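Since we're looking at a predicted model, the values are computed, not measured. For this chain, numbers begin at 1 and follow the sequence in order.
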Amino acid sequence: MIPIRDENPTRSFPIATVLIIAANLAVFLYEYSLDPVSLQSFMSRYALWPDRLLAAPLGAAAFSVLTSMFLHAGWLHVLGNMLYLWIFGNNVEDRLGTARFVLFYLASGVVAAVAQVLAAGPASIPVVGASGAIAGVLGAYLVLFPGASVVTLIPVFFFVEVARLPAFIVIGFWFLLQLGNGVASLGAATAAAGGVAWFAHIGGFVAGVLIALVVRATLPDRTRRYYGW
């Protein structure tokens with residue numbers, strides 16, 4: 001299933017979501033402009049390397065936990081991530097507010113990176129991408145808007161069906177896929193088998209769910225009734 005948009009209006013313009021998307025695209029275009037040697041040097045400096053972080057958790061490698069969230073490995077990687085962020089991020093930002101959304105996004109990304117490093121162990125394989133932080137956004141959306149309608153492409157053999165499905169089905173299916181692949185990858189050489197950081201997705205998603213549950217529980221009763229919670 002590939003979500004293409006949701007039918008969940010917002011009350012305000014999602015400035016943080018737009019700026020995060022712009023920053024990711026700008027960094028990727030810069031990556032794309034580099035020659036192979038310069039790109040390798042750039043990735044060596046700003047990607048997250050599990051072995052370096054485990055060797056010196058409070059050293060220079062700690063900064064890469066944040067910088068790696070804005071790096072991507074290819075056009076499909078960055079465009080796919082930004083599509084998910086645009087569909088689900090605007091509503092989560094609308095509920096959290098711009099400043100809290102930025103903190104939430106970065107916190108989810110940090111938890112995702114830590115989960116991936118713990119799963120991968122001291123592997124010398126770079127971890128890049130916004131998908132861990134975006135997984136947190138999906139987790140929060142699931143808690144805050146489980147019944148929201150999501151327009152989804154569903155491949156059926158040689159055809160593609162368009163369906164409107166509740167968010168809990170779309171996001172739930174996505175998470176089960178990450179969980180299944182993550183468990184399967186534990187038998188591989190690393191937990192990043194196939195180039196996908198499955199445990200970053202899992203860790204970010206769980207962080208997003210937990211943070212959203214806290215936010216939802218601490219809202220005033222009048223606000224919860226307004227949103228049907």
Side chain to side chain, [X] and [Y], heavy atoms closer than 4.5 Å:
X     : Y      : answer
Ile87 : Tyr141 : no
Pro50 : Val127 : yes
Val27 : Leu71  : yes
Leu25 : Met82  : yes

Side-chain donor or acceptor of [X] paired with backbone N/O of [Y] under 3.5 Å:
X      : Y      : result
Ser38  : Leu34  : no
Asn90  : Thr10  : no
Thr152 : Val150 : yes
Ser44  : Gln40  : no

Original post:
Does a donor on one side chain sit under 3.5 Å from an acceptor on the other, for Asp94 and Ser12?
Top reply: yes
**OP:** Go through the side-chain N and O atoms of Ser149 and Arg5 and say whether any donor and acceptor fall under 3.5 Å apart.
**Re:** no
Original post:
Where does the angle between the aromatic ring planes of Trp198 and His201 fall among parallel (under 30°), tilted (30 to 60°) and perpendicular (over 60°)?
Top reply: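 Perpendicular, since the angle between the ring planes exceeds 60°.
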**OP:** Start with the C-alpha gap between Leu48 and Val117, add the side-chain angles, then the distance that decides, and say whether side-chain contact (heavy atoms from CB on, under 4.5 Å) holds.
**Re:** CA-CA 9 Å; Leu48 171 61; Val117 168; 3.9 Å; yes
Original post:
Should we say atom CG of Leu29 is surrounded by more than 12 heavy atoms from elsewhere, each under 6.0 Å from it?
Top reply: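 Yes, CG of Leu29 has more than 12 neighbouring heavy atoms, counting only those of other groups under 6.0 Å.
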**OP:** Answer yes or no: does atom OH of Tyr30 have more than 12 heavy-atom neighbours from other residues, nucleotides or ligands under 6.0 Å?
**Re:** no
Subject >> Shared hydrophobic cluster, Leu19 / Met69 (ILVMFWY, side-chain heavy atoms < 4.5 Å) >> reply: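 Yes, Leu19 and Met69 fall within the same hydrophobic cluster.
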Original post:
Would you say Val111 and Phe175 are hydrophobically clustered, going by side-chain heavy atoms of ILVMFWY under 4.5 Å?
Top reply: no
**OP:** State plainly whether the residues Arg95 and Glu93 are in salt-bridge range, i.e. N to O under 4.0 Å.
**Re:** no
